[in-house]
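In what follows, a structure is listed as structure tokens, so that the remarks can point back to it.
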Amino acid sequence: MKRIFTLIVMVAAMYSSYAQPYSTGKRTVVFIDNSRTAREISTDIYYPANTAGNNVPVATGVTKFPVVVFGHGFLMGTSSYKWLADSLVKTGYIVALPATEDGIIPNHLDFGLDLAFLCGRVTSLNDSATSFLYQRVIKKAAVGGHSMGGGASILASATLSSSINAVFNFAAAETTPPATLAAYLNLKPTLIFSGSADCIAPDSIQEVMYNNMLPFVTCKTYVNITDGLHCQFANNNLLCVIGQFASGCGITALSTSTLMTKTMALLTPWLDYYLKGNCQRGQVFLANYNGMTGVVKRRSCFPLQACGPVPVKLTSFTGNIKNDKVYLYWNTATEDNVHHIEVERSNDGVTFVQLTKVLPKGNNGGGANYNAVDPYPFAGMNFYRLKTVDLDGSISYSDIIKLETAKKALAVTQLYPNPVSDQLHIQLQSEKRQSIQVFVYDITGHQLRIDQVKLNAGINETSLLFADLAKGVYIIKLINEQGSISGTYKIVKD
């Protein structure tokens, strides 16, 4: 027991040290598959956001996120898998949960085709200027599912869709047509989870799926969690639990949180490797797989690629504050195969977003000197780190530095784009709930507009409409609740 507890703590620490915990946004979108008589596919999409909620904007910045499409179990709604969506979203994934085939007589083939369709459709939102995910999607997708949805994930992969890059499932059930036979056509990297105490979709079914996948053609991994129950993967959905007890397998000594911890300790780095191209995370997956106890496991796969050296060797990373701005400086001794370096910032040392991106300057593997400016730092504590992206997609991070600015009742922490064409986005940090006024003047000082903005304590997002203004230079002025000027900014209208 002590060894298991130690492993769980170690895995959780490795996971949390990597994670960038975004908040979870959610939208429900109805997609149309015109290849199947305009079939409607209502889908809950969970995505990285600055603040949690329905229909909130995607997280600020330019970071792109890969896609996970996940199918629900028989008579289980998509809400039973919010635990999975939240776990993946916080580390930078878009999760799509179709709500189709939720009736008493589902069509398994249609469900599998829905999953395959969504892998291509959701990734294509990156190219749609009208989508809230425009230019924010990595065009790679994994298809997964639980129970009926797990079997459907195999049917989806058997379509040989080029939009599917990896397959995973939880306690996959047999389907019509048989997912066990469709497994012969699954050529994608596959990660299968099952529970040894599952009497709804016994682990013997998942073993057949695993065995039928062609060895060393499909890179396949099978993990049977000792004492795991079927419904624990759906966070103990009520209907599922009732069926589980009726089948005589509703009690286990294994907690749901332990099952989820084991599952995500393998699934997250595995997805990072195949969808984000992060080589080091593949090594984390193998370390967790080899060291995990309380499971029965098998794997048939060629060795993962060697990661090679860290692309950048830093000699220093420092910063200072001058005139209410943060100036950052770093030096590299060597730079090998670097694609770019991102400067990231945070106000809590946990959730980081991109501040700016720079291209490498080092020649022939040599080093270089760099600098960057944060013109709108947070009031109080600021945290910064460097994210280096290699040519093969591998990612590494610098140590975190922290700088403390003067505390203010109100601070502008983002203001973009400038020049502006339609809307000017403003991020504001307020020490309390308050109402402020935002004045807009033309260059002669003539007042054009006053907007009233209500703020909560913490980070707030608002915007100003510039579409109706002529091209030129404008001044915006922020007045806090006490009538004091909290900032004056020059804005250029394109």
Side-chain angles (χ1 to χ4, degrees), residues 20 50 60-63 312-333 335 340-362 367-388 397-420 424-432 434 436 438-439 441 443 455 457-462 464 473-480 482-492:
Q20 303 174 44
N50 291 340
T60 54
V62 296
T63 301
V312 165
K313 182 177 179 180
L314 285 172
T315 57
S316 67
F317 178 35
T318 60
N320 59 42
I321 301 167
K322 184 178 179 182
N323 297 328
D324 290 328
K325 298 180 181 180
V326 168
Y327 295 84
L328 301 169
Y329 311 90
W330 68 98
N331 302 314
T332 61
E335 299 177 9
H340 68 269
I341 301 170
E342 297 175 16
V343 182
E344 297 185 330
R345 72 169 189 166
S346 168
N347 69 326
D348 59 9
V350 178
T351 304
F352 284 83
V353 297
Q354 182 178 309
L355 173 65
T356 189
K357 181 170 74 174
V358 299
L359 297 177
K361 297 191 295 186
N369 301 323
Y370 298 86
N371 61 76
V373 179
D374 184 356
Y376 308 111
F378 297 103
M381 200 60 70
N382 291 261
F383 300 85
Y384 299 91
R385 70 181 183 186
L386 303 177
K387 174 183 175 181
T388 302
Y397 293 95
S398 72
D399 290 337
I400 296 171
I401 63 172
K402 59 182 181 180
L403 297 167
E404 188 170 5
T405 63
K407 292 186 177 180
K408 301 176 182 178
L410 178 68
V412 172
T413 52
Q414 279 191 2
L415 192 150
Y416 68 95
N418 191 10
V420 63
L424 179 72
H425 298 279
I426 307 174
Q427 186 184 83
L428 297 157
Q429 181 183 11
S430 177
E431 69 173 3
K432 62 180 181 179
Q434 60 176 310
I436 67 168
V438 181
F439 291 79
Y441 302 90
I443 195 63
L455 303 177
I459 303 299
N460 299 262
E461 305 281 344
T462 188
L464 294 179
V473 178
Y474 297 88
I475 304 296
I476 64 171
K477 185 180 295 184
L478 278 63
I479 306 295
N480 64 22
Q482 288 72 39
S484 302
I485 298 175
S486 293
T488 302
Y489 305 91
K490 183 170 72 174
I491 306 299
V492 176

* May I ask you to decide if Asn369's main-chain N or O and Lys361's side chain share a donor-acceptor pair within less than 3.5 Å? => yes
* Side-chain heavy-atom pair Ile476, Leu424 within 4.5 angstrom cut-off -> yes
* Asked: What pairs with Thr356 under side chain to side chain contact (heavy atoms under 4.5 Å, CB included), at least two apart in sequence or on another chain?
  -> Val343, Ala372
* To do: Please list all pairs passing the salt bridge (charged side-chain N to carboxylate O under 4.0 Å, His left out) test where one or both residues lie in residues 371-381, with sequence neighbours left out.
  => Arg345-Asp374
* Asked: Do Val492 and Val420 touch side chain to side chain, with heavy atoms closer than 4.5 Å?
  -> no
* To do: Taking side-chain hydrogen bond (donor to acceptor under 3.5 Å, both in side chains) as the test, write out the residues that go with Asn371, two or more places apart.
  => none
* Quick one: does Asp399's side chain get under 4.5 Å of Phe317's, heavy atoms only? -> no
* **More than 12 heavy atoms of other groups within 6.0 Å of Ile485 CD1** => no
* To do: Report the residues that fulfil ring-ring contact (aromatic ring centres under 6.0 Å, His included) with Tyr370, sequence neighbours left out, ordered by chain and then residue number.
  => Trp330
* To do: Examine distances only and state if a side-chain atom of Asn323 and a backbone atom of Lys325 form a donor-acceptor pair shorter than 3.5 Å.
  => no
* Asked: Would you call Leu464 and Ile491 a side-chain contact if the rule is heavy atoms closer than 4.5 Å?
  -> no
* Minimum side-chain heavy-atom gap Ile321-Asn382 below 4.5 Å -> no
* Any sub-3.5 Å donor-acceptor pair from Thr413's side-chain atoms to Tyr376's backbone N or O? -> no
* To do: Using a 4.5 Å cut-off on heavy atoms from C-beta on, say whether the side chain of Thr488 contacts that of Ile475.
  => yes
* Any donor-acceptor N/O pair, Asp324 side chain to Lys322 backbone, under 3.5 Å -> no
* ring-ring contact (aromatic ring centres under 6.0 Å, His included) partners of His425, counting only residues at least two apart -> Tyr416
* **With Asp348 via side-chain hydrogen bond (donor to acceptor under 3.5 Å, both in side chains) - residues at least two apart** => Ser346
* Asked: Do Gln414 side-chain atoms and Thr60 backbone N/O form a donor-acceptor pair below 3.5 Å?
  -> no
* Counting only heavy atoms not in Asn320, do more than 12 fall under 6.0 Å of its CG? -> yes
